[in-house]
Amino acid sequence: MIVEILGAKMLSPYVGTSHFVWTAQIAVTLIALSGGYYAGGWLVDRSARLGRLYAAILAAAVYLAVTVAAVEPVAYACLKFSLPLGTLLASAFLYFVPLGLLAMTGPYLIRVLTVSVSGVGGNVGRLTAISTLGSVAGTVLIGYLVTPFLRNSVSMYLTALGLMLLAATYFFVWRTKPAAAITVAVMALGLAAGYAGLRQDRWRGEDFVELFRGNSNFGTLQVLQSRHSPRRVYVNDYLTQNTYDTNEHKSVSMFSYMLHGLARAYTTNIADVLVVGLGVGIVPMDFAREGARVDVVEINPAVVAVGRDFFGLEPERLNIFLEDGRYFLNRCRKQYDAVVVDAFLGDSCPSHLMTREAFAAIRRVLKSDGTLVINTFADLTPERDFFAASLSKTLASVFPSVRIHHAENGNTLYVASPRADLAFAHPPQLAGVHSSCVGQVREAYAGLRETFPENGLVLTDDFNPVEFHDAPNRERLRRALAVSMKNL
């Protein structure tokens, strides 16, 4: 379980975290386990010597250590394929062999421990129970204790080291000196390869300095500072979440101004705001500085410190709830003048926040003249607009008024309201917008767009196939993000 979870996390910066990624990782894991169980049973029937089992464990450990160095070149090589195929190939190349070797343990130990047919059932039951409990412990360990504090590459390296030490203990205590010497040589090879991977995982960009890197339950967080300008970038698994001018203390990203500006332009008065997705806090702080009471829902607690330390976030001026946005909406009894949804899971909006039921929950917490603003990467190009058309159609099934603002080379922003006729209550304001993106902001205000409803469907909690239909768009975006990070 540790290898399965860590493997998906190590691939996510290159291929994302869509259901294709997890489907590939789970499929490879199950096939590897099946092959390992078969090979282990076949091998132990020919010889029950434990040395073979520990040799398999040692080989798996060395292979895992090598994957620390191999994951980046393998992932980039697989980017030339489609997302489903590329992810499957990368996962199989990196993790099939070690998972299969480790799976040999079960049948091997059952055969070694069985002295009579009458004891087979008990041995199988006990080993299966222990194995399952070990999987639970590994899942909890990696998910709750290790991931938030260690880089994924370090966690995989330590996993490989632990397996090496287990195998080494057997060969040093119960085997001959030649076997111990061979074990040392193999371990040295694996540890050297893994260490090279750890060094490779360090920031190597020429134009940017890495001010911060930290792992979290929702990806690797980085803060990069340009060597030649005041530009600062916040990155989550290679996805640029925001850009910032450290001299002017302003965002350099169009969508930041549009999320705040569209809510202001379409709403008569804003006293209470709900922001789903903190980012680094630029949008909620804009509302707070204007005197609004701001509630923020953020699922990743690690981003709060990043925003505070590097992007001017003042957490004490916001009411921050560290939980899932949908969970908050289902329990919320407060009403807001504006709701801003700027939540992303990798390169896409979390699907459970983009359904008819989710929008119904948002409408319930909106005042009758309130405004909902959503930031997306929706592609409006005909024949690639399933998500864009579906989101428009789903919003229209809940809200009587929906508008779409878009600027070329920018994000697509949806505005919805319980009001029958959605129109600007105030003229859009460009004062305070960073000079580098004034033109893009102006274009986005004026750039009202339409979708073709027949190209989409109403998304529901029960049927939401966006990840499947929007996969080519997300694949292009993820490939571009990975390549751009490689070039920094």
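For this chain, numbers begin at 1 and follow the sequence in order.
Note: I26 CD1 to L30 CG = 7.5 Å, rounded to the nearest 0.5 Å. If you take CG on D470 and OG1 on T376, they are separated by 9.5 Å, rounding to the nearest 0.5 Å. In this structure, Y63 OH and L101 CG are separated by 9.5 Å, a value rounded to the nearest 0.5 Å. Residue L329 holds its CG atom at 9.5 Å from CD of E323, rounded to the nearest 0.5 Å. For the atom pair S153 OG and Y195 OH, the distance stands at 12.0 Å (nearest 0.5 Å). Residue Y14 holds its OH atom at 3.5 Å from OH of Y238, rounded to the nearest 0.5 Å.
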Next item on the list: Could you walk me through whether F359 and L391 pass side-chain contact (heavy atoms from CB on, under 4.5 Å), step by step?
Entry: CA-CA 10 Å; F359 294 143; L391 186 53; 3.4 Å; yes
Next item on the list: Begin from the C-alpha positions of N217 and I299 and carry the test side-chain contact (heavy atoms from CB on, under 4.5 Å) through to its verdict.
Entry: CA-CA 9 Å; N217 288 330; I299 197 171; over 6 Å; no
Notebook entry, point to check: What do the steps show when you test K9 against T220 for side-chain contact (heavy atoms from CB on, under 4.5 Å), and what is the final call?
Noted result: CA-CA 9 Å; K9 284 184 171 294; T220 301; over 6 Å; no
Check: Would S251 and N242 count as a side chain to side chain donor-acceptor pair (under 3.5 Å) if you check the C-alpha gap in whole Å, the side-chain angles of each, and the deciding distance to 0.1 Å?
Finding: CA-CA 7 Å; S251 173; N242 218 315; 2.9 Å; yes
Next item on the list: I would like to know whether T243 and S253 meet side chain to side chain donor-acceptor pair (under 3.5 Å); could you show each step before the answer?
Entry: CA-CA 6 Å; T243 51; S253 298; 2.7 Å; yes
Margin query: Before you tell me yes or no, could you show the steps for V398 and I362 under side-chain contact (heavy atoms from CB on, under 4.5 Å), namely the whole-Å CA-CA distance, both residues' side-chain angles and the distance that decides it to 0.1 Å?
Written below: CA-CA 10 Å; V398 177; I362 292 175; over 6 Å; no
Note to self: Between T381 and D379, does the side chain to side chain donor-acceptor pair (under 3.5 Å) criterion hold? Intermediate values first, please.
What the structure shows: CA-CA 6 Å; T381 307; D379 193 326; 2.7 Å; yes
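Nearest approach of T240 to V233, heavy atoms of both residues: CG2-CG1, 3.6 Å. Between M354 and L459, the closest heavy-atom pair is O-CD1, 3.5 Å. The two atoms that bring R326 and L353 nearest to each other are N-CD2, 3.6 Å, heavy atoms only. Of all heavy-atom pairs between T67 and M10, the closest is O-CE, 4.4 Å. Nearest heavy atoms, A69 versus A193: CB-O, 3.6 Å. In this structure, C349 and N375 approach most closely via the heavy-atom pair SG-O, 3.6 Å.
Side chain of T394 to main chain of T355: no donor-acceptor pair is present (N/O by atom type, distance under 3.5 Å, no hydrogens or angles). Put simply, the side chain of Q241 never gets that close to the backbone of G279: no donor and acceptor are under 3.5 Å apart. Put simply, the side chain of T128 never gets that close to the backbone of G125: no donor and acceptor are under 3.5 Å apart. For R52 (side chain) and A48 (main-chain N/O), no donor-acceptor pair under 3.5 Å exists by modelled atom type. Panel note: side chain N215, backbone L150; a donor-acceptor pair is recorded below 3.5 Å. Here the side chain of S390 pairs a donor or acceptor atom with the backbone of L457 at under 3.5 angstrom. Remark: side-chain polar atoms of S91 are not paired, donor with acceptor, to backbone N or O of T87 under 3.5 angstrom.
For R364, the CZ atom is densely surrounded, since the number of other residues' heavy atoms within 6.0 Å is greater than 12. Heavy-atom neighbours of F212 CZ from other residues, nucleotides or ligands within 6.0 Å: above the threshold of 12. Within 6.0 Å of CG on D45 lie more than 12 heavy atoms contributed by other residues, nucleotides or ligands. Summarising the local packing, NZ of K80 is surrounded by 12 or fewer heavy atoms from other residues, nucleotides or ligands at distances under 6.0 Å.
Listed by first and then second residue, the side-chain hydrogen bond (donor to acceptor under 3.5 Å, both in side chains) pairs that reach into residues 300-318 are S216-N300, sequence neighbours excluded. Applying the side-chain hydrogen bond (donor to acceptor under 3.5 Å, both in side chains) test to pairs two or more places apart or on separate chains, none has a residue in residues 130-142. Sequence neighbours left out, the pairs with a member in residues 454-482 that pass ring-ring contact (aromatic ring centres under 6.0 Å, His included) are F386-H469.
In this structure, the side chains of L395 and L372 come closer than 4.5 Å at one or more pairs of heavy atoms. Counting heavy atoms from C-beta outward, V3 and T29 have side chains that stay 4.5 Å or more apart. At least one side-chain heavy atom of L165 sits less than 4.5 Å from a side-chain heavy atom of M187. Under the 4.5 Å side-chain criterion, counting only non-hydrogen atoms from C-beta, Y95 is in contact with L11. Counting heavy atoms from C-beta on, the side chains of D295 and V297 never come closer than 4.5 Å. Under the 4.5 Å side-chain criterion, counting only non-hydrogen atoms from C-beta, L163 is in contact with L102. Counting heavy atoms from C-beta outward, L278 and L313 have side chains that approach closer than 4.5 Å. The side-chain heavy atoms of M156 and V71, taken from C-beta on, include no pair separated by under 4.5 Å.
No side-chain donor from either of T451 and D385 sits under 3.5 Å from a side-chain acceptor of the other.
F328 and F321 have tilted rings, their planes meeting at an angle from 30° to 60° on a 0 to 90° scale.
You'll find the ring centres of F377 and F344 inside the 6.0 Å limit.
Residues passing the side chain to side chain donor-acceptor pair (under 3.5 Å) test with E298, sequence neighbours excluded: none. For Y54, the ring-ring contact (aromatic ring centres under 6.0 Å, His included) partners two or more places apart in sequence, or in a different chain, are Y170. Residues satisfying the side-chain contact (heavy atoms from CB on, under 4.5 Å) criterion with P107, sequence neighbours excluded, are Y37.
A ring-ring contact (aromatic ring centres under 6.0 Å, His included) with Y244 holds for exactly one of F310, Y234, F311; it is F311.
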